[in-house]
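Because only heavy atoms are used, hydrogens play no part in the values below, and waters and symmetry mates are left out as well, while side chains stay in. Worth saying up front: this structure is predicted, and the values here are computed from it rather than measured. Start at 1 and go down the list; that is how both ligands and their atoms are numbered.
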Amino acid sequence: MIDYDVKGKLHGVLSHLPQGVRLVAISKYHPNEYIEAAYEEGQRIFGESHEQELRLKHETLPQDIQWHFIGHLQTNKVKYIAPYVTMIEAVDSLKLLKEIDKQAAKCNRVIDVLLELHIAEEETKYGLTPDALRQLLADGEWREFSHVRICGLMMMASFVDDMEQIRSEFRLARSLFDEVKTQYFADKDYFCERSWGMSHDYPIAVEEGSTMVRVGTTIFGPRVY
Ligand SMILES: *Cc1c(COP(=O)(O)O)cnc(C)c1O
């Protein structure tokens, strides 16, 4: 038994999501019992940001869980998650995309990925600036990668209290999504994901066109590092 109401919190978040918006339950730093509590309520998509932690959880938890890797991924770690990961959300370089393609090919898989945008004001955050995103796509090498499927964009808004700033960042992300969709993926139905929205801003993200929110703290409580 856990003394935290994962079930109630999970349903609270789900009740705020319109049809067509999926929840990635961010379980990093939380023990298996918390994930199992959400799993029992039907939640199947979970997000983790550290390779070793994810590996342990993948090995010990139900095999029909869809794991999203949401953190910064070093190229030398790709091979460990390639056999089983469902989606790699934070691809921010051609080099990483190329490595995912290579490791996915070895596993005979096609791995879904998102390109991570950097819009937030914090300098420490990873991701592609709007121009770097345009450059990566214009460059065209990604078209040769047959073992990755670029399914959309992911971003984190600035961690600020100013909700209008957050909203404007989501709007910029949305307009970049539309631009890239039109220019490169108009005929690709799978390019449809806009992964934005975390505990403190997911209701705004949903209003601004998110298709996938990544919520941790609101469901599982504060993380103990
Ligand atoms: C930790 C994390 C989240 C979840 O953040 P909460 O504030 O706990 O909801 C979402 N996205 C990414 C990339 C994260 O690293």
Requested in this report: Kindly give the heavy-atom pair with the smallest separation between Val24 and Phe46, and that separation in Å.
Outcome: CG1-C, 3.9 Å
Query - Ser199, any N or O under 3.5 Å of ligand 1 N or O - result: yes
Requested in this report: Please check if Val148 and Leu115 belong to a single hydrophobic cluster, counting links between Ile, Leu, Val, Met, Phe, Trp and Tyr side chain heavy atoms closer than 4.5 Å.
Outcome: yes
Report task. Compare every heavy atom of Ala157 with every heavy atom of Asp201, then report the nearest pair and how far apart it is. Result -> OD2-CB, 3.7 Å
Report summary line: Note: His200, heavy atoms under 4.0 Å from ligand 1, region reported as neither
Requested in this report: Would you check the N or O atoms of Thr217, main chain and side chain alike, for any that come under 3.5 Å of an N or O of ligand 1?
Outcome: yes
Query raised in the report: If you measure from the Lys or Arg side-chain nitrogens to the Asp or Glu carboxylate oxygens, is any gap between Lys7 and Glu40 under 4.0 Å?
Result: no
Report task. Decide whether Leu114 and Val91 are clustered together by the hydrophobic rule: side chain heavy atoms of Ile, Leu, Val, Met, Phe, Trp, Tyr closer than 4.5 Å, transitively. Result -> no
Query raised in the report: Would you say Ser49 has any N or O atom under 3.5 Å from an N or O of ligand 1, going by distance alone?
Result: no
Query - Residue portion contacting ligand 1 (non-hydrogen atoms closer than 4.0 Å) for His68 - result: neither
Report summary line: Numbered in order shown, the ligand 1 atoms found under 4.0 Å of a heavy atom of Val215 are 9 (O)
Report task. For this output row, return yes or no: ring centroids of Phe191 and Phe177 closer than 6.0 angstrom. Result -> yes
**Report entry** Ile219 versus Ala25, closest heavy-atom pair with distance
**Finding:** CD1-CB, 4.3 Å
Report task. Using a 4.0 Å heavy-atom threshold (strictly under), name the region of Glu89 that reaches ligand 1: side chain, backbone, both or neither. Result -> neither
Query raised in the report: Just going by heavy-atom distances, which of Glu116, Met154, Lys28, Arg214 is nearest to atom 14 (C) of ligand 1?
Result: Lys28
Query raised in the report: When you measure from atom 12 (C) of ligand 1 to every protein heavy atom, which one gives the shortest distance, and what is it?
Result: Ile70 CD1, 3.5 Å
Query raised in the report: Does any N or O atom in Gly216 lie less than 3.5 angstrom from one in ligand 1, N or O only?
Result: yes
Query raised in the report: Are the charged groups of Glu48 and Lys28 less than 4.0 angstrom apart, N to O?
Result: no
Report task. For atom 5 (O) of ligand 1, grab the closest protein heavy atom and report residue, atom and distance to one decimal in Å. Result -> Met198 CE, 3.4 Å
